[in-house]
Amino acid sequence: MKRRSILNAGTLVLLLGAQQIARGAGIVAVRLWPAPDYTRLTIESDTLLASKQQVAADRMTLDLEGIALDPALRELVGKVKADDPFIAGIRIAQAGPNTVRLTIALKQAALPQVFQLQPVAAYQHRLVVDFYPPRPVDPLEALIAERMKEQDKPLAIAPAPAPAIAAAPVPDPLGELIAQQTQRPPRAAVQVPASEVAKPAVPALANAKTDRLIIVALDPGHGGEDPGAIGPGGTREKDVVLQIAHLLRERINNMSINGNPMRAFLTRDADFFVPLGTRVDKARRVQADLFVSIHADAFMTPTARGASVFALSQSGASSSAARWMADKENKADLVGGLNIKAQDQHVMRAMLDMSTTAQINDSLKLGSALLGEMGTVGRLHKGSVEQAGFAVLKAPDIPSVLVETAFISNPEEETKLRSSGYQEQLADALIKGIERYFSRNPPLARNRPL
Ligand SMILES: [Zn+2]
């Protein structure tokens, strides 16, 4: 449906006639994707759009050349959300006979990246402006901030403890992790020597006798410019998988394994595009014990149905269907829109060359446990874990699986995927699978701090 409306908009521009075309690019659509990591502004046009920008502390001006002021472009003004972390507002004006100027008021000093994307999938040419914070969002700090929000009680400072504190059971593993990772005292302990600081009071974990926090990275597929698969009824994969991830997060955060509390970390918690490599990097930054990518894809035929689970492969795909699925998923960066120049290619290559045999073995075990539970909720597409070269499963040190919860291209499964009842059942099955995996494969006694 989305594809059709985009094509129609494109056709409309073409039908406006030679006069418009002679002026240059016609605007097809404008979109804004606000998120804490970065806000993206996309201007889609039927031909390449030339632009020049100037950046100041409180605003950015973007001159679009070879176009006239267009109602489609004006829509940007109304699309700015009050809670956008970066953009306060947008003004649009004709700045010359063939130049339209966007003045983008900024809420914080942002580092804009401007780049072009070639036509791909349902999209024509895209001019993209990403507004990044001067200091990138650290996934670990994001996890901490989320945890802080959950705490009902104000943080308390206890009387100065005896020096033997280090040997005592740690009541708050995440607090400990925070302190060690950030090399800074916890928030409550500003200007108090670290050795004299008590950990924040956390009722939920107060009795946990452990120094080990189990972190499960949940990776809702797609997002932002990349809707993922779209069902015959218009359901978008990116929306459904985020809902399922939220339900699974609730369950994970209420669970512990042998007294070790679990925490979920989401690689995206809003509707914005996260590159595949960044998803892996985020999971590694929080030293996740597991990585579960959640999807609900379309297949070549609408009759395809059932859940499947995939692990990485070092030598080819386990079936042509698995290869097809991996190729499809790996295109997410093209559709979502990656600023290739801004990516650190060296880091990526070094990471992908690392051995992954042990990771794949663990991933297959995790995948089997998940499949076993998912089979009790609904039909399975295939009863065993499939393997192919999924880019998002390439963390060399984290058991990683990609779960296709159902085929959104199947009308019956699309209806189920939309229902909160089925989403709950899926989340229940996934948490049981994770529990089953950990009961047979206890988390390694890994020393978290680097
Ligand atoms: Zn997908």
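Start at 1 and go down the list; that is how both ligands and their atoms are numbered. Just the heavy atoms: all of them, side chains too, but no hydrogens, waters or symmetry mates, feed the values below.
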Practice task
Tell me, please, which residues at least two apart from Asp37 pass side chain to side chain donor-acceptor pair (under 3.5 Å).
Solution key: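 Expected list: Lys282.
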Exercise for the section: Return the set of residues passing side chain to side chain donor-acceptor pair (under 3.5 Å) with Thr39 (not counting sequence neighbours), or none when no residue passes. Expected result: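 Expected list: Asp84.
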Problem - All ring pair (Phe, Tyr, Trp, His ring centres under 6.0 Å) counterparts of Phe272, not counting sequence neighbours - result: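 For Phe272 the ring pair (Phe, Tyr, Trp, His ring centres under 6.0 Å) partners, ignoring immediate neighbours, are Tyr38.
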Handout entry: Donor-acceptor side-chain pairing of Glu237 and His222 below 3.5 angstrom
Key =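 Yes, because at least one side-chain N or O of Glu237 sits under 3.5 Å from a partner of the opposite role on His222.
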Practice task
State, without any angle test, whether Thr235 and Glu414 hold a side-chain donor-acceptor pair at a distance under 3.5 Å.
Solution key: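 Glu414 and Thr235 do have a side-chain donor-acceptor pair below 3.5 Å.
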Problem - Distance filter under 2.8 Å, centred on the Zn ion (ligand 1) - protein N, O or S atoms that pass it - result: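 Only His222 NE2, Glu237 OE2, His295 ND1, Asp297 OD2, Glu329 OE2 fall inside 2.8 Å of the Zn ion (ligand 1).
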Problem - Flag side-chain contact, heavy atom, 4.5 Å: Val216 against Leu218 - result: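 Yes. Closest side-chain heavy atoms under 4.5 Å.
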